[in-house]
Each structure stands twice: as structure tokens, then as C-alpha cells.
Amino acid sequence: MSSGGAGGNGRAAAALSARGSRIAGGARGLLDKGFDLYIADPFDRERNPRGILNLGTSENKLCYDLIQERLTRSDMNYLEPHLLQYSDPQGIESFREEIAKFLTEYAKAPKALNPEHIVVMNGCCAVFATLSTVLCDPGDGYLIPTPYYGGINSKTWLYGGIQPVHVPLFSEVTDEESHPFQLTVGKLEAALQRAKEQGIRVRALILINPHNPLGDIYPAQLLKECLEFAHRYQLHVIIDEIYMLSVYDDTTFTSVLSLDCLPDPERTHFMWGFSKDFGMCGIRVGVLYTRSHDIRKAVNQLAVFHGCPGPVQYVLSQFLSDRDWLDNVYFPTNKKRLREAQNILVDGLTEIGIPVLKSSGGLYVWADFRKFLKSQTFEAEMELWWKFLDEKLLISPGKAFCCYEPGWFRMVFSDSIDKIYLGIQRLEQMLQTETAEPVANKISAEDELSNSEDETSVNHANTPLDEVSEAYSDMKKIVVY
């Protein structure tokens with residue numbers, strides 16, 4: 001037994017492996033920190049009307065009535081012994097068959113997808129974690145256009161120990177571009193070259209389509225060009241299409257599963273889940289589709305830690321198989337409600353002078369608050385974020401998405417109309433009293449920036465954000481539309 005000479009912290013550190021210490025010491029991202037604050041003081045119309053209103057977490061709360069009605073029908077009331085027993089860690093065969101049929105139809109695959117190419121896990125976070133572990137070695141990198149959903153950093157770092165290699169996108173539209181934050185193969189090439197010069201082995205390219213947080217959709221031609229680029233350099237491509245069915249305008253969405261001929265099918269991996277399109281974040285079911293036998297074999301070894309309960313798989317099988325309800329009730333209603341909610345938020349922001357990037361999919365808008373910053377720095381962005389929280393409004397700062405321009409925020413609109421209006425009201429009240437001093441007794445902006453999610457002990461192989469911020473002040477007028 002230890003004599004107790006060391007302090008409590010010393011004993012705790014000694015109890016962990018080096019890997020455990022690395023994981024325990026990993027900084028929580030801004031999205032997590034904001035959600036923690038919300039959980040401690042959540043808005044409730046009756047019980048806590050001055051609580052924090054959450055327009056920061058990307059959840060679809062618009063169709064709970066439809067989902068509740070469908071999930072409480074008699075065909076869902078089923079339980080057999082095999083659903084409570086150990087099952088295939090890859091996912092129950094009948095569930096994978098139903099997913100394959102569903103994705104074949106709704107992703108517009110040219111031929112029937114193979115259920116054996118599907119792995120079911122408890123959320124897309126698990127898919128990112130396992131894929132990063134089996135595709136990369138610690139210290140390897142993956143290309144990812146910025147801004148992007150910052151949660152990917154921790155999901156790929158905690159297990160795999162790999163690092164993002166940013167492909168910076170900016171709001172300024174150059175002569176070679178047609179819209180803000182436009183991805184091009186030339187930008188992918190430049191980022192890959194920078195990584196090579198810094199000695200980082202890049203193993204993969206991650207794309208989010210529809211995009212989070214921009215809300216735009218990759219044209220089919222750009223998607224093909226990105227796949228060709230990855231093939232040239234023998235990179236894996238992980239395409240996160242978790243918002244695939246949350247397109248609310250007439251823009252054509254092209255799933256990677258719909259492409260007739262992939263340049264490198266063994267290195268192309270598709271992700272989707274029930275969290276966003278079906279408003280079931282709490283159900284925790286994510287899907288990986290990969291044609292590579294070796295990758296599935298490796299992923300399945302880890303899938304035993306990330307399985308989904310048998311009864312959940314049965315219920316979702318019934319859910320997916322009801323094409324009449326999906327086509328005539330859920331999807332048209334969901335699209336209509338998303339479009340209406342998005343219009344309400346965009347109109348409200350426009351009325352108080354906040355430009356919004358044009359978007360087509362997802363549950364959020366990318367809003368431009370740069371003129372409200374005291375300086376074009378991320379410190380000023382964090383100060384503004386704290387002021388929003390002081391006004392009991394949670395939205396997500398661009399820093400949480402590794403954006404290279406301070407002043408952009410993601411705002412979620414997939415909530416009740418009264419909450420959207422209340423959010424706009426609180427936002428307007430805060431902006432009208434912008435002469436207030438910086439918030440006291442809070443974590444400083446400097447601390448937040450040093451501990452933010454994309455700073456978790458990795459080198460991002462990019463131009464420092466502060467240098468970008470300084471250069472930004474000299475930019476021309478930005479086109480946002």
C-alpha cells in the first residue's frame with residue numbers, strides 16, 4: 001500500500017497510462033462548453049423562462065409530433081428473445097438489409113447497395129472514431145476544409161491520435177470563385193503540399209455534405225473532382241452525409257452513393273445516421289458503408305464497443321420500411337417546416353442587420369457578426385459569445401468550427417417558431433446594448449482559444465489564425481449572399 005507521500009493529483013496521474021493521461025487532458029471544445037452551460041440552466045417556458053435558449057446545438061425538433069405518432073403504432077410494440085441477446089456486432093442482418101434498401105432509394109444509388117458493406121454503430125461519432133483508428137497511425141493527418149464541425153477533431157484524436165490538416169476557405173470571392181467559402185481542388189493541393197513540407201503524412205480527406213456549418217451542397221462535378229484528387233494521392237475519402245435528407249430548397253443533392261463510377265471505391269467511405277434527418281439524436285445510431293473488406297474487418301473488431309440495442313434496431317427497421325409514411329407524411333412535412341423555420345430566422349436576422357450565407361441544407365445558418373466585433377480577432381469573437389450567453393442565448397462561434405475569419409456564428413433554426421422569435425429578440429437586445437464592458441469573472445478569451453477543440457495537442461499544418469485575423473482587416477468588402 002502506498003505511504004501517501006504524493007498528493008491527490010499525483011496519485012491520479014499515476015493511475016493513468018500515458019494514453020489515459022493524454023485523453024483525460026484533452027481540452028473540451030467550445031461546442032461542448034456551450035452545451036454544458038445550457039444543461040446547467042436550460043430555458044423552459046414555464047419553469048425557467050430566463051434560462052439559456054439553445055440555438056447552438058444542431059438538433060431537429062420540428063417533427064417530434066410525427067415521429068412520436070409513428071413510433072407508438074402497434075407494429076413497434078414487438079419484443080422477441082433474440083432482440084435481447086448478443087447479436088452480430090456489425091448490426092442485425094435484417095436491419096442492415098433495411099438500411100441498404102433505404103439508402104439505395106433515397107441516396108439514388110445506381111444499383112442495390114450490399115448489406116454486407118454496412119456497419120451499424122451507436123452514432124456517427126463512433127464511426128469517425130473507429131475509422132480514424134483503422135485508417136491512420138498516430139500523428140497522421142487528414143485534410144478537411146474549414147470551417148467544419150469541430151467535434152470531428154476529438155472523435156478522430158481520442159482513439160486514433162490523428163490531426164486535422166486544414167484547407168482554409170474564406171468569405172471573400174476571388175475572380176476564380178463564384179461564392180463565399182468555396183472549396184476547390186487547388187486549395188486541397190495547396191494544403192496537402194503544406195502538410196508534406198511539415199512532415200505530416202496525410203491519409204484521408206473528410207468532406208461534409210450537406211456542409212456543417214455552411215449549409216451549402218457540393219455540386220456533383222466538385223464532388224467528382226475531390227474524389228479524383230484523393231485517388232491521385234491514394235487518400236481515403238470519408239464523406240459525412242448525415243444531413244443528406246435535410247435539404248429544404250430545390251438544390252440538387254448528389255450523394256457519393258449515387259455516383260456510377262468511383263475513382264477508388266475501396267478508399268471511399270460513406271457515413272449517415274438518424275440524428276439529424278429524423279430528429280433522433282438521442283437514439284444513437286450511425287451507419288458506415290464501405291466496400292473494403294479489410295476495413296470492415298478492422299472496424300467490426302471495434303464495433304463490439306459501439307453496438308446498438310436490438311430493440312432499437314428493430315424499431316428503426318420498421319421506421320425505414322414504411323415508405324408510404326416517409327414519402328407522404330414525414331419527408332414533405334419535414335422539408336416544409338425546415339424551409340419555413342429557416343426563412344423566419346433569416347428574415348429576423350436581416351431585420352436587425354445581420355447578413356446570412358445562402359444555404360440549402362442542414363439545420364442552421366452561417367451568420368456574419370463581424371461588424372459587431374470590437375476588433376477583427378478571435379478574442380473579440382469570444383467576448384461577443386460571452387455577451388450572447390449573458391443574454392441567455394447560446395449560438396456557436398466560428399472558432400468552434402476552426403473558421404479562419406473571426407465573427408461568423410452558426411445559428412440553429414430547427415426549433416419551434418416561438419423560440420426562434422425569442423432568440424432574435426434576445427439577440428437584438430444584446431446588440432443594442434453593445435456598449436457594455438467585457439464580461440467579468442468568466443474564462444478569458446485567451447484561455448478559451450488556447451483550450452478550444454481544434455487545439456488538442458496537435459499541429460494543424462496551417463497558417464496561424466492570428467496571422468489570418470491581422471490580414472483580414474485589410475481585405476476588400478466581402479460579398480455575402
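These numbers come from the heavy atoms of this one structure, side chains and all, not from hydrogens, waters or symmetry mates.
Between V165 and I200 there is a side-chain heavy-atom pair separated by less than 4.5 Å. Within the 4.5 Å cutoff, no side-chain heavy atoms of D240 are placed close to those of N209. Proximity of C226 to L188: side-chain heavy atoms (C-beta onward) are separated by under 4.5 Å at one or more points. For the pair H166 and I144, the minimum side-chain heavy-atom distance is below 4.5 Å. A heavy-atom distance below 4.5 Å is not found between the side chains of T184 and L222. Between R410 and S58, some side-chain heavy-atom pair lies under the 4.5 Å cut-off. F378 has its side chain out of reach of Y404: every pair of non-hydrogen atoms, C-beta onward, lies at least 4.5 Å apart. You'll find the side chain of L227 reaches within 4.5 Å of the side chain of L262, heavy atoms only.
At most 12 non-hydrogen atoms from other residues, nucleotides or ligands lie less than 6.0 angstrom from OH of Y421.
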The test is side chain to side chain contact (heavy atoms under 4.5 Å, CB included); show your working for V285 and N122 and say whether it passes. CA-CA 4 Å; V285 177; N122 59 341; over 6 Å; no
Between L205 and Y233, does the side chain to side chain contact (heavy atoms under 4.5 Å, CB included) criterion hold? Intermediate values first, please. CA-CA 10 Å; L205 165 65; Y233 295 102; over 6 Å; no
Set out, in order, the CA-CA distance, both residues' side-chain angles and the distance that settles side chain to side chain contact (heavy atoms under 4.5 Å, CB included) for L393 and L55, then state yes or no. CA-CA 7 Å; L393 177 65; L55 298 184; 4.1 Å; yes
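Using a 4.0 Å cut-off between a side-chain N of Lys or Arg and a carboxylate O of Asp or Glu, R70 and D322 qualify as a salt bridge.
Take T254 and apply the side chain to side chain donor-acceptor pair (under 3.5 Å) test, not counting sequence neighbours, and it matches no residue. Every salt bridge (charged side-chain N to carboxylate O under 4.0 Å, His left out) that E69 has, sequence neighbours left out, goes to R73. Checked against side chain to side chain donor-acceptor pair (under 3.5 Å), Y149 has no partners two or more places apart in sequence or in another chain. Qualifying side chain to side chain donor-acceptor pair (under 3.5 Å) partners for D327, counting only residues two or more places apart in sequence or in other chains: Y106. Residues satisfying the salt bridge (charged side-chain N to carboxylate O under 4.0 Å, His left out) test with D36, not counting sequence neighbours, are R28. Qualifying ring pair (Phe, Tyr, Trp, His ring centres under 6.0 Å) partners for Y218, counting only residues two or more places apart in sequence or in other chains: none. Among residues two or more places apart in sequence or in another chain, the side chain to side chain donor-acceptor pair (under 3.5 Å) test is passed with K196 by none.
Here the side chain of R370 pairs no donor or acceptor atom with the backbone of G407 at under 3.5 angstrom. Side-chain atoms of W385 never come within 3.5 Å of backbone atoms of F409 as a donor-acceptor pair (strictly under, hydrogens ignored). Judged by distance alone, with hydrogens and angles left aside, the side-chain atoms of N328 form a donor-acceptor pair with the main-chain N or O of D324 at under 3.5 Å. Judged by distance alone, the side chain of K187 and the main-chain N or O of Q182 form a donor-acceptor pair under 3.5 Å. Remark: the backbone N or O of S171 is paired with a side-chain donor or acceptor of E405 at under 3.5 angstrom. A distance-only check finds a donor-acceptor pair linking the side chain of Q313 to the backbone of I92 [under 3.5 Å]. S414 contributes a side-chain N or O that, together with a main-chain N or O of E59, makes up a donor-acceptor pair within less than 3.5 Å. Formation of a donor-acceptor pair under 3.5 Å by the Q163 side chain with backbone atoms of G139 is found in this model.
Judged by distance alone, the side chains of Y364 and S359 never bring a donor and an acceptor atom under 3.5 Å apart. A donor and an acceptor atom, one from each side chain of D347 and T350, are nowhere located under 3.5 Å apart.
For residues 330-339, the set of pairs meeting the salt bridge (Lys or Arg N to Asp or Glu O under 4.0 Å) definition, not counting sequence neighbours, comprises D65-R337, K336-E340. Sorted by first and then second residue, the salt bridge (Lys or Arg N to Asp or Glu O under 4.0 Å) pairs involving residues 127-150 (not counting sequence neighbours) are D137-R201, D140-R201. Note on residues 223-238: pairs passing salt bridge (Lys or Arg N to Asp or Glu O under 4.0 Å), not counting sequence neighbours, are E189-R232.
Ring-centre distance between F43 and Y38: not below the 6.0 Å cut-off. In this structure, the ring of F331 has its center less than 6.0 angstrom from the ring center of F278. You'll find the ring centres of Y159 and W157 outside the 6.0 Å limit. In this structure, H211 has its ring center no closer than 6.0 Å to that of F253. The aromatic ring centres of F401 and Y148 sit 6.0 Å or more apart. In this structure, W325 has its ring center closer than 6.0 angstrom to the ring center of F319.
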Would you list the atom pairs, donor with acceptor, under 3.5 Å between side chains in residues 293-300 and any protein atom, with sequence neighbours excluded?
| unit_1 | atom_1 | unit_2 | atom_2 | d |
| --- | --- | --- | --- | --- |
| R296 | NE | E116 | O | 3.0 |
| R296 | NH1 | T290 | O | 3.0 |
| R296 | NH1 | R291 | O | 3.2 |
| N300 | ND2 | Q90 | OE1 | 3.2 |
| N300 | ND2 | R296 | O | 3.2 |

Output a table of donor-acceptor pairs, distance under 3.5 Å, between side-chain atoms of residues 97-105 and any protein atom two or more places apart or on a different chain; print 'none' if there are none.
| unit_1 | atom_1 | unit_2 | atom_2 | d |
| --- | --- | --- | --- | --- |
| T104 | OG1 | A100 | O | 2.6 |
| T104 | OG1 | L113 | N | 2.9 |
| E105 | OE1 | R323 | NE | 2.7 |

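Across every non-hydrogen atom of W366 and P147, the tightest pair is CZ2-CG, 3.9 Å. The minimum heavy-atom distance linking M271 with V127 is given by the pair CG-CG1, 3.5 Å. Nearest heavy atom pair, residue V173 against residue P180, reads CG2-N, 3.6 Å.
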